[in-house]
Amino acid sequence: MRGLIAGKEGMIFIDPAGDFEVATDGAAAVSSIQLDADLLFSAPAVENSPGGTRIGVRLLQKYKITICPQAGAVYFEKLNAGKDK
């Protein structure tokens with residue numbers, strides 16, 4: 001998906017099997033990752049990912065994610081930590 005990486009547009013891969021928050025080429029630190037107007041992560045933890053910027057399960061576990069290939073969209077819904085199951 002397209003997003004902003006430290007304020008610059010780029011491709012961000014969703015990696016639900018990756019045991020990390022954010023991974024970048026050479027573990028280069030980023031100040032922020034923004035997926036849409038309402039979803040901004042400040043100074044995420046960074047690990048090495050040859051092949052681009054990835055967001056992993058430690059970041060994704062806080063959201064319900066719906067992928068809609070027909071619309072070309074990915075929807076993130078923040079899970080309510082205080083809600084009873």
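Predicted model only: the values in this text are computed from it and were never measured.
Side-chain contact between Leu40 and Ser32 is present, with at least one heavy-atom pair separated by less than 4.5 Å. Side-chain contact check for Lys62 versus Leu79: every heavy-atom pair is 4.5 Å or farther apart.
Tracing side-chain contacts under 4.5 Å through hydrophobic residues (I, L, V, M, F, W, Y), one never reaches Ile14 starting from Met11; they form parts of separate clusters. Put simply, Val46 and Ile12 are part of the same group of oily side chains (I, L, V, M, F, W, Y) that touch within less than 4.5 Å, one to the next. Linking ILVMFWY side-chain heavy atoms closer than 4.5 Å, directly or via other members, places Val30 and Phe13 in two distinct hydrophobic clusters. Side-chain heavy atoms closer than 4.5 Å link hydrophobic residues (I, L, V, M, F, W, Y) into clusters, and following such links, possibly through other members, connects Phe41 to Val74. By the rule that hydrophobic residues join a cluster once side-chain heavy atoms approach within less than 4.5 Å of another member, Val22 and Leu39 end up as members of one cluster.
One finds the CD1 atom of Ile33 at 5.0 Å from the CD1 atom of Ile5 (value rounded to the nearest 0.5 Å). Going from atom CZ of Phe76 over to atom CG of Leu35 covers 5.0 Å, rounded to the nearest 0.5 Å. Here CG of Asp15 is found 9.5 Å from CD1 of Ile55. Values are rounded to the nearest 0.5 Å. Atom CD of Glu21 sits about 9.0 Å away from atom CD of Glu47, to the nearest 0.5 Å. Going from atom CZ of Arg2 over to atom CD of Gln34 covers 14.0 Å, rounded to the nearest 0.5 Å. Distance CZ/Arg54 to CG/Leu59: 14.5 Å, rounded to 0.5 Å.
Checking side-chain atoms of Ser49 against main-chain N and O of Thr53 turns up no donor-acceptor pair under 3.5 Å.
The two atoms that bring Asp25 and Asn48 nearest to each other are C-OD1, 4.0 Å, heavy atoms only.
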